[in-house]
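Quick note: numbers below take in every heavy atom, side chains included, and nothing from hydrogens, waters or symmetry partners.
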Amino acid sequence: MLLKFSKSDILNSSLVYPETGAPTYTILTRSHFIRPGDKDSDTESEDEAAETRRTIIFNKGGVSVAEIGWEGRRPIEITIGQEKVSIKGIFGCQSAILSYNVLGIPARFDTEFFWMAGPDGLTLLDYDSNQIKGQFHVNSLRVGERFITTPISGLGHDYLEFEPHPLASREELIVTFILMEILRRGRFNQHSDTFDRPKLWRSRSLANLSKRLRRGTI
């Protein structure tokens, strides 16, 4: 399946079929601020409040099919369909792949699949067969069946390409691609309009994941 983001902000965009332009999903993200209970809400400034965001993915019928909750720049909760998934639970339990310019995190739905992030892009790799099963094409021009990354920001579009998997819904693949792309941009300092300077996933709930990544360093 091949889908195109209609806007450069992947958290506020439609996913459309490139051939027809027909939308299949709409992604909306809204921010609000939570003020601590012991503060005077009449005098407290917005900077003193905790920013939260919620990304909601709607299908073409306008029904919410997935959500991502953010606290600042950190994802804190995920819902896919009727399933609530923890941050660690969205990935597999195998050893991760970590090096200077490659971050590989196992998929939860297949022990042979890894989300592979690097400075140049993001792929979903079948590690056993060494075949790419999905790819996030960033700021690219589509020429026939090829994608050419453009050196000028905004000249191309972002595309999401993936093969279906019997153990993962289309919505799960889209949600995980988005999470991994945000993580990739933060790790490799590729800032975008999505967040000012991503500093994602620095919470106590993700401490164990970080330790597991370090243990899997190669």
Search all heavy atoms of Arg142 against all heavy atoms of Pro18 and return the closest pair with its distance.
NH1-CB, 3.5 Å

Between Leu122 and Ile87, is there a shared hydrophobic cluster once you connect ILVMFWY residues whose side-chain heavy atoms come closer than 4.5 Å?
yes

Of all heavy-atom pairs linking Pro75 and Trp70, the shortest is N-CE3, 3.5 Å

Is there a side-chain contact between Glu161 and Met1 (heavy atoms, below 4.5 Å)?
no

How about Phe136 and Phe5: do any of their side-chain heavy atoms sit closer than 4.5 Å?
yes

Rounded to the nearest 0.5 Å, what separation is found between the CD1 atom of Ile27 and the CD1 atom of Ile57?
5.0 Å

How long is the gap from CZ on Phe147 to OH on Tyr159, to the nearest 0.5 Å?
6.0 Å

So which atom in Pro106 and which in Cys93 form the shortest heavy-atom distance, rounded to 0.1 Å?
CG-N, 4.4 Å

Report the distance from atom CG of Asp158 to atom NZ of Lys4, rounding to the nearest 0.5 Å.
11.0 Å

Using a 4.5 Å cut-off on heavy atoms from C-beta on, say whether the side chain of Val138 contacts that of Thr149.
no

To the nearest 0.5 angstrom, please state how far the OG atom of Ser140 sits from the CD atom of Gln135.
8.5 Å

Going only through I, L, V, M, F, W and Y residues with side-chain contacts under 4.5 Å, is there a path from Ile78 to Ile56?
no

Would you compute the distance between atom CG of Leu141 and atom OG1 of Thr150 and round it to the nearest 0.5 angstrom?
5.5 Å

With a 4.0 Å cut-off, would you call Lys84 and Glu77 a salt bridge?
no

Using side-chain heavy atoms (C-beta onward) and a distance below 4.5 Å, is Leu160 in contact with Leu2?
no

Donor-acceptor pair, Thr20 side chain versus Ala22 backbone, under 3.5 Å?
yes

Given side chains that start at C-beta, do those of Phe58 and Val63 come closer than 4.5 Å, heavy atoms only?
no

Do Arg30 and Arg53 come within less than 4.5 Å of each other through their side chains, counting heavy atoms only?
no

Work out which heavy atom in Asn59 is nearest to a heavy atom in Val65; give both atom names and the distance.
ND2-CG1, 3.8 Å

Test side-chain contact (heavy atoms from CB on, under 4.5 Å) applied to Asn139 and Ile152, step by step
CA-CA 8 Å; Asn139 192 32; Ile152 302 175; 5.7 Å; no

With a 4.5 Å limit on heavy-atom distance, are the side chains of Thr111 and Gln94 in contact?
yes

Which pair of non-hydrogen atoms, one from Ile90 and one from Val85, has the smallest distance, and what is that distance?
N-CG1, 3.6 Å

As a test of understanding, state which of Thr176, Leu173, Ile132 forms a side-chain contact (heavy atoms from CB on, under 4.5 Å) with Leu124.
Leu173

Using modelled atom types and a 3.5 Å cut-off, is there a donor and acceptor pairing between side-chain atoms of Arg54 and backbone atoms of Glu67?
no

In plain terms, say whether Lys133 and Asp128 are close enough for a salt bridge, that is, a side-chain N and a carboxylate O under 4.0 Å apart.
no

Tyr25 with Leu28, same ILVMFWY side-chain cluster at under 4.5 Å
no

Would a hydrophobic clustering, with Ile, Leu, Val, Met, Phe, Trp and Tyr connected at side-chain separations under 4.5 Å, put Ile174 with Val16?
no

Taking Glu172 first and then Arg108, would you say they form a salt bridge - that is, a charged N and a carboxylate O separated by under 4.0 Å?
yes

Would you give the length of the straight line joining atom CG of Leu103 to atom CD1 of Ile97, rounded to the nearest 0.5 angstrom?
9.0 Å

Phe177 and Trp115 aromatic ring geometry - parallel, tilted or perpendicular at 30°/60° bounds:
perpendicular

So which atom in Ser13 and which in Ser6 form the shortest heavy-atom distance, rounded to 0.1 Å?
OG-N, 3.0 Å

With a 4.5 Å limit on heavy-atom distance, are the side chains of Phe113 and Tyr127 in contact?
no

If only side-chain N and O atoms count, and only distance matters, is there a donor-acceptor pair under 3.5 Å linking His165 with Asp110?
yes

Same apolar cluster: Met180 and Leu167, side chain cutoff 4.5 Å:
yes

